[in-house]
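Residue numbers start at 1 and run along the sequence shown.
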Amino acid sequence: MKDVILRGRNLNKKYKKKGHDHIAAEDINFELYRGECLAIVGESGCGKSTLAKMIMNLETVDSGQIILEHQDITNLRGKKLNHVYQEIQMVFQDAIGSFNPKMTIGDSILEYICSLCSVSKKNREEKLDELLTLVGLPIEFKHRYPHQLSGGQCQRAAIARALSSHPKVLVFDEATSALDVSVQAQVIQLLKRMREELNISYIFITHDLALVSHFCDRVIVMRSGKIVEEGLVDEVLNAPQSDYTKLLLSSIL
């Protein structure tokens, strides 16, 4: 039996827009297995980014549960949430914007190390250097500011920051969509290698089905806040059952 590391149960979220309810997530159920990459796909506004934010407690859950291993992490706050962030981290689409422009890349990562990791003060710099090396960045880049790095370099730095707490789960919200194709390929190869070496589980939110086809194990297809299809990547992409999935696939051909 596969080991479930993260699960969502009957998740619901709606917003008020101009006096009307906008449903961002309706009765969402999912499971993420240890060491796998689960894709969540769909067109803009389908609710996939809202789901990611609920998982990370960046959005409150109206009803339902998010369970990390055996702990209910739904709508946690304070020290309890800080402990969860040692186990699960997120990498955003706008890597440069996710860093404080007044801090060097090194200082931003050290801030994470200090707040989330039990690393002694004398070993923090060594930990920083190890993280930069792991993601393929020169150690001297720790003295640079975000605007002094390219998009791909900054995304690698964001991944290094996310890895600082040795998380069990990484959530990627369109984390490669803004990159050039060649840079995107380099980042994907990095993620593949890290997954093999560190046995991390990924939730990969994207609209790029071609990327999903050779990077992810299973896929969830969302439309208007609902899951319309899910399964192994090869099965869903080669023999889709939902008309909406067929439409998505036809749009990239």
Heavy-atom side-chain proximity of I28 to N10 below 4.5 angstrom = no

From C216 SG over to L211 CG, what is the distance, rounded to the nearest 0.5 angstrom?
-> 6.5 Å

Donor-acceptor side-chain pairing of E229 and T245 below 3.5 angstrom = yes

Below 4.5 Å, heavy atoms only, C-beta onward: do L132 and P138 meet side chain to side chain?
-> no

Pair S108, N100: side-chain N/O donor-acceptor within cut-off below 3.5 Å | no

Can you find a heavy atom in the side chain of E87 that is under 4.5 Å from one in the side chain of P167?
-> no

Rounding to 0.5 Å, atoms NE2 (H22) and OG (S224) come to a distance of 8.0 Å

Reported CD1-to-CD1 distance for the pair I227 and I220, which is rounded to 0.5 angstrom = 4.5 Å

Within one Ile-Leu-Val-Met-Phe-Trp-Tyr cluster: F92 and I55, side-chain cutoff 4.5 Å = yes

Quick check: does any side chain N or O of E36 sit under 3.5 Å from a backbone N or O of Y33, one acting as donor and the other as acceptor?
-> yes

Check: Q71 side chain, I67 main-chain N or O, donor-acceptor pair, under 3.5 Å = no

Might you point out which heavy atoms bring C154 and P146 nearest each other, and give the distance in Å?
-> SG-O, 4.2 Å

Determine whether V169 and V4 fall in the same hydrophobic cluster, where Ile, Leu, Val, Met, Phe, Trp and Tyr are linked whenever their side-chain heavy atoms lie under 4.5 Å apart.
-> no

Within a radius of less than 6.0 Å around NZ of K142, do more than 12 heavy atoms belonging to other residues, nucleotides or ligands occur?
-> yes

Is a donor on one side and an acceptor on the other found under 3.5 Å between the side chain of R218 and the backbone of E31?
-> yes

Is it the case that H207 and E43 place a side-chain donor and acceptor less than 3.5 Å from each other?
-> no

Take V61 and N12 through the side chain to side chain contact (heavy atoms under 4.5 Å, CB included) test and state the conclusion after the steps.
-> CA-CA 6 Å; V61 175; N12 291 278; over 6 Å; no

Under a 4.0 Å N-O cut-off, is there an ion pair linking E197 with R193?
-> yes

Side chains of R161 and S98: donor-acceptor distance under 3.5 Å anywhere?
-> yes

Identify the heavy atoms of Q65 and L11 that sit nearest to each other, and give their distance.
-> O-CD2, 3.4 Å

In this structure, OG of S49 is separated from CD of Q93 (nearest 0.5 Å) by 8.0 Å

Which residues pass the ring-ring contact (aromatic ring centres under 6.0 Å, His included) test with F215, sequence neighbours left out?
-> F204

Could you give me the CA-CA distance, side-chain angles and deciding distance for I159 and L190, then say whether side chain to side chain contact (heavy atoms under 4.5 Å, CB included) is met?
-> CA-CA 10 Å; I159 294 169; L190 167 65; 4.2 Å; yes

Atom of G136, atom of R156 and distance for their closest heavy-atom approach | CA-NH1, 4.0 Å

Residue pair T206 / K48, side-chain donor-acceptor N/O under 3.5 Å = no

Backbone of M103 reached by a side-chain donor or acceptor of D107 within 3.5 Å | no

Transitive ILVMFWY side-chain link L232 to V41, under 4.5 Å = no

Heavy atoms only: give me the nearest Y244-M222 pair and the separation to one decimal.
-> CE2-O, 3.3 Å

Hydrophobic cluster membership, Y15 vs M56, 4.5 Å side-chain cutoff = no

Partner of V236 by side chain to side chain contact (heavy atoms under 4.5 Å, CB included), out of L209, V221, V212 | V221

By side chain to side chain donor-acceptor pair (under 3.5 Å) - contacts of K102 (at least two apart) = none

Give the C-alpha distance, both sets of side-chain angles, the deciding distance and a yes or no for side chain to side chain contact (heavy atoms under 4.5 Å, CB included) between V171 and Q89.
-> CA-CA 6 Å; V171 180; Q89 280 286 317; over 6 Å; no

Donor-acceptor pair, N57 side chain versus N75 backbone, under 3.5 Å?
-> yes

Has the side chain of Q184 got a donor or acceptor atom that lies under 3.5 Å from a matching backbone atom of T176?
-> yes

Quick one: are L6 and I66 in side-chain contact, heavy atoms under 4.5 Å?
-> yes

Given D21 and K16, is the salt bridge (charged side-chain N to carboxylate O under 4.0 Å, His left out) satisfied, shown in steps?
-> CA-CA 5 Å; D21 288 339; K16 285 285 187 182; 3.0 Å; yes

Can you check side chain to side chain contact (heavy atoms under 4.5 Å, CB included) on M54 and L51, steps first, answer last?
-> CA-CA 5 Å; M54 287 194 294; L51 177 57; 4.1 Å; yes

Which atom names give the shortest non-hydrogen contact between I200 and K168, and what distance separates them?
-> CG2-O, 3.7 Å

So, D217 side chain and C37 main chain: donor-acceptor pair closer than 3.5 Å or not?
-> yes

Would a hydrophobic clustering, with Ile, Leu, Val, Met, Phe, Trp and Tyr connected at side-chain separations under 4.5 Å, put I139 with L134?
-> no

If you look at every heavy atom in G152 and V183, which pair is closest and at what distance?
-> CA-CG1, 3.4 Å

Go through T60 and K13 one step at a time and tell me if the side-chain hydrogen bond (donor to acceptor under 3.5 Å, both in side chains) criterion holds.
-> CA-CA 8 Å; T60 57; K13 179 68 180 180; 3.2 Å; yes

N/O donor-acceptor pair under 3.5 Å between H83 side chain and K79 backbone | no

With rounding to the nearest 0.5 Å, note down the distance linking OG in S63 to CZ in R9.
-> 14.0 Å

Spatial distance of atom CD1 (I109) from atom CZ (R124) [nearest 0.5 Å] = 14.5 Å

Taking NZ, NE, NH1 and NH2 as the nitrogens, is one of them in E69 or R34 under 4.0 Å from a carboxylate oxygen of the other?
-> yes

When you measure from the side chain of Q148 to the backbone N and O of Y145, does any donor-acceptor pair fall under 3.5 Å?
-> yes

Kindly say whether K14 contributes a backbone atom to a donor-acceptor pair with the side chain of D62 at under 3.5 angstrom?
-> yes

Salt-bridge present (D72, K80; N to O < 4.0 Å) | no

Sub-4.5 Å side-chain heavy-atom contact between I205 and F172 | no

Within a strict 4.5 Å, meaning less than it, do heavy atoms of the L110 and E125 side chains meet?
-> yes

Taking side chain as C-beta onward, heavy atoms only, is H147 less than 4.5 Å from I96?
-> no

Student check: side-chain heavy atoms of D173 and M90 closer than 4.5 Å | yes

